[in-house]
There are 2 protein chains.
Amino acid sequence: MKTDALTGIAGILRKNTYKMTPQRRAVLEVITGSHDHLTPQAIYRRVQKKYPAIGLVTIYRTLEILADLNLVCRVHAEDNCRSYLMRRPNGHHHHMVCKSCGEVIDITGCNLDELEQRLSRETGFKIDGHLLEFNGHCRACLDRGENDNEQR
Amino acid sequence: MKTDALTGIAGILRKNTYKMTPQRRAVLEVITGSHDHLTPQAIYRRVQKKYPAIGLVTIYRTLEILADLNLVCRVHAEDNCRSYLMRRPNGHHHHMVCKSCGEVIDITGCNLDELEQRLSRETGFKIDGHLLEFNGHCRACLDRGENDNEQR
DNA sequence: ATACCAATTGAAAATCGTTTTCAATTAGAA
DNA sequence: TTCTAATTGAAAACGATTTTCAATTGGTAT
């Protein structure tokens, strides 16, 4: 499964004149292996365990490419404006983020279309899109006290 | 009207052991006078026209206080994670931002409660809040070509 | 297998936004 | 007017991100 996904991604990269390198593979493994949203720094630290020579710049560059190709999502939390997540559903979706552990749940089917249409009609705005994220605490964190600190 | 609002704010500041200074008044005049969301830099540039000696640090410090007192809103847009806006409706609301001119329209009544309740029920999450913003182009910009560049 | 070229890499420096430090100034209560 | 705590601006510190550049490497063509 993991290998399949990565070779698939390798193909997508090649199609766009990008190359699959061990560094990029390591970054992808970290992102794929996490259900949390991770900052570039967090990804860096994790990748270093498997690939100590990697540079932080490479993380940034890889993330930029992956985001351009829509392979990863960039999450905008209130506190932390930049972290990344493997793109799981293919279509339009949003995220619900646990403030304690960083767990992210995908949400498909936001019912904002009718609101958008109403707003458009009332204000004359042409609405291109929206940014929607829910934040709170997941069941597991609630159960064990929910007072954990933010993960970085 | 302008003077009234500012003296009202002066009172709120005093109640919280803050002082009303010419610098803070200048910042407030800029924010009050704009219907766009403004970055600290943008506010700085505008305030400088009336008050050239002001320091950028003062802008940051003033914004922090005003946001703490809930007198201004901090807006998180996709591109720009930090800009400020006079707080207009008092309760829960969101913004619709024009990508061309920066015009902001307040939206009260997002119908997300039922979605939140459903998600909560289905996933066990305790949802604290959400981040919602619409972006697009306002009527005026559409009419005159809509190709303007981003404002900073 | 080999050669080749464009893409990629890491280190260091540059840049940007933001925060901290500090000594001098100022608002506003007494 | 006096006094004190709050405020100010400059400079330095800081952290995140980007740019520059010479050296390396992936993958296609041979």
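Throughout, protein chains are lettered first and strands after them, A, B, ... in sequence-line order, and every chain is numbered starting at 1. We use all heavy atoms of the structure for the numbers below, so side chains are in, but hydrogens, waters and symmetry mates are not.
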If you pin B:Met20 and B:Tyr60 to their nearest nucleotides in DNA chain C, which one's is more 5'?
B:Tyr60
Looking only at heavy atoms, the pair that brings A:Leu71 and A:Ile12 closest together is CD2-CD1, 3.9 Å
Gap between atoms CZ and P, on B:Arg74 and C:dT18 respectively (whole Å)
8 Å
In whole angstroms, the gap separating C1' of C:dA6 from CG of A:Leu13 amounts to 15 Å
Shortest side-chain distance from A:Tyr18, nucleotide among C:dT8, D:dT8, C:dT19:
C:dT8
D:dT25 P sits how many Å from A:Ile54 CD1, rounded?
14 Å
Taken in chain and number order and not counting sequence neighbours, the residues that satisfy side-chain hydrogen bond (donor to acceptor under 3.5 Å, both in side chains) with A:Glu103 are A:His35
Pairwise side-chain hydrogen bond (donor to acceptor under 3.5 Å, both in side chains) hits with a residue in residues 62-76 of chain A, at least two apart:
none
Letter per nucleotide, 5' to 3', of nucleotides 20-26 of chain C [B base touched, S only sugar-phosphate touched, - untouched; heavy atoms, 4.0 Å]
BB-----
Rounded to whole angstrom units, what separation is found between the OH atom of A:Tyr51 and the P atom of D:dT24?
14 Å
From B:Arg46, B:Gln41, B:Gln48, residue fulfilling side-chain hydrogen bond (donor to acceptor under 3.5 Å, both in side chains) relative to B:Tyr44
B:Gln48
D:dA16 phosphate, OP1 or OP2: any side-chain N/O from A:Gln41 under 4.0 angstrom?
yes
Output the rounded distance in Å from CD1 (B:Ile65) to C1' (C:dT18).
16 Å
Examine D:dT18: is either OP1 or OP2 under 4.0 Å from a nitrogen or oxygen in the side chain of A:Arg82? Give yes or no.
yes
Comparing B:Thr17 with B:Gly55, nearest DNA chain D nucleotide closer to 5' gives the residue B:Thr17
Where at least one partner belongs to residues 81-96 of chain A, residue pairs that pass salt bridge (charged side-chain N to carboxylate O under 4.0 Å, His left out), sequence neighbours excluded:
A:Arg88-A:Asp106
Rounded distance (Å) that lies between atom P of D:dA12 and atom CG of B:Leu56
16 Å
Who else is in the cluster with B:Ile105 when I, L, V, M, F, W and Y are joined by side-chain contacts under 4.5 Å?
A:Met96, A:Ile105, A:Ile107, A:Leu112, A:Leu115, A:Leu119, A:Phe125, A:Ile127, A:Leu132, A:Phe134, B:Met96, B:Ile107, B:Leu112, B:Leu115, B:Leu119, B:Phe125, B:Ile127, B:Leu132, B:Phe134
Over how many whole Å does the gap from B:Arg45 atom CZ to C:dC16 atom C1' extend?
13 Å
When the distance from CZ of B:Arg14 to P of C:dA27 is rounded to whole Å, what number comes out?
13 Å
Under 4.0 Å: is that the gap between some side-chain N or O of B:Arg24 and OP1 or OP2 of D:dT8?
yes
Applying salt bridge (Lys or Arg N to Asp or Glu O under 4.0 Å), name anything that partners A:Glu122, two or more places apart in sequence or on another chain.
A:Arg118
